[in-house]
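First comes the structure, then the notes that go with it.
Predicted model, so just to flag it, every value in this text is computed and none were measured.
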Amino acid sequence: MTKKEMISLCQSMMDLDYSDQLKEIGCPTLVLCGSKDKANYSSCLRISKEIPNSKFSEISFASHEVNKDNPQKTAELINAFLGQDKLKGF
């Protein structure tokens, strides 16, 4: 993909808005965001409020790539979320 094609693709996605459909997500959902992710933090909070049965967790000392910036905390939060009783049977 050329740089021009990539820019065109990104621009075409700027107008996508699926926020009305978030309430239709039926499975337990974990929304993770790095504490230093200034570009996405407020969106992550908003998304977690719109998805029923969701949980928001902040990864300290992490920006956008939480799995690289703080892999230990990311793994702990995912494992804790997957171990919850409400997920049994999924």
Side-chain angles (χ1 to χ4, degrees):
M1 181 176 266
T2 67
K3 181 178 178 179
K4 185 177 180 178
E5 290 171 330
M6 180 59 95
I7 291 170
S8 177
L9 175 63
C10 290
Q11 288 175 335
S12 72
M13 293 187 296
M14 289 176 60
D15 294 328
L16 294 176
D17 183 3
Y18 296 107
S19 57
D20 288 343
Q21 295 166 325
L22 293 173
K23 62 184 172 285
E24 297 175 20
I25 296 174
C27 62
T29 305
L30 176 62
V31 179
L32 298 175
C33 189
S35 61
K36 297 178 181 180
D37 189 353
K38 304 301 181 204
N40 297 298
Y41 196 89
S42 62
S43 295
C44 288
L45 281 173
R46 190 183 69 224
I47 286 170
S48 70
K49 289 178 182 173
E50 294 294 324
I51 299 173
N53 202 18
S54 71
K55 178 181 180 178
F56 173 82
S57 291
E58 179 181 300
I59 309 284
S60 55
F61 310 109
S63 55
H64 184 66
E65 294 181 288
V66 296
N67 58 316
K68 289 183 178 181
D69 296 338
N70 196 339
Q72 182 67 36
K73 186 64 174 179
T74 302
E76 288 172 11
L77 289 170
I78 291 171
N79 285 330
F81 182 76
L82 292 176
Q84 293 179 10
D85 288 338
K86 69 179 180 179
L87 293 177
K88 290 192 172 47
F90 273 93

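- Looking at residues two or more places apart in sequence or on another chain, you find a side chain to side chain donor-acceptor pair (under 3.5 Å) between Asn40 and Asp37, His64.
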Considering only distance and modelled atom types, tabulate donor-acceptor pairs under 3.5 Å from the side chains of residues 13-22, sequence neighbours left out.
unit_1 : atom_1 : unit_2 : atom_2 : d
Asp17  : OD1    : Ser19  : N      : 3.0
Asp17  : OD1    : Ser19  : OG     : 2.7

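- A search for side-chain contact (heavy atoms from CB on, under 4.5 Å) contacts involving Ser63 returns Lys36, Asp69, not counting sequence neighbours.
- Note that the CG atom of Asn53 and the CG atom of Leu30 stand 11.5 Å from one another [nearest 0.5 Å].
- Under the rule for a side chain to side chain donor-acceptor pair (under 3.5 Å), the partners of Glu76 that lie at least two apart in sequence or sit in another chain are Gln72.
- Applying the ring pair (Phe, Tyr, Trp, His ring centres under 6.0 Å) criterion to Phe56, with sequence neighbours excluded, gives Tyr41.
- Leu32 places a side-chain heavy atom less than 4.5 Å from the side chain of Ile78.
- Using modelled atom types, one side-chain atom of Ser54 and one backbone atom of Ser48 make a donor-acceptor pair closer than 3.5 Å.
- Interatomic distance, CD1 of Ile59 versus CG of Asn70, reported as 6.5 Å (0.5 Å rounding).
- With a 6.0 Å radius and a threshold of 12 heavy atoms from other residues, nucleotides or ligands, Met6 has its CE atom at or below the threshold.
- Taken from SG in Cys44 to CD in Glu58, the straight-line distance is 10.5 Å, to the nearest 0.5 Å.
- Remark: Thr2 pairs with Lys4, Glu5 by the side-chain contact (heavy atoms from CB on, under 4.5 Å) rule, at least two apart or across chains.
- Counting Ile, Leu, Val, Met, Phe, Trp and Tyr side chains that sit under 4.5 Å apart, directly or through other members, Ile7 stands alone, with no cluster partners.
- Put simply, Leu77 and Leu45 are part of two different groups of oily side chains (I, L, V, M, F, W, Y) that touch within less than 4.5 Å, one to the next.
- In terms of the salt bridge (Lys or Arg N to Asp or Glu O under 4.0 Å) criterion, residue partners of Lys68 (sequence neighbours excluded) are, by chain and number, Glu65.
- Counted within 6.0 Å of NZ on Lys3, heavy atoms from surrounding residues, nucleotides or ligands total 12 or fewer; the atom is thus considered open.
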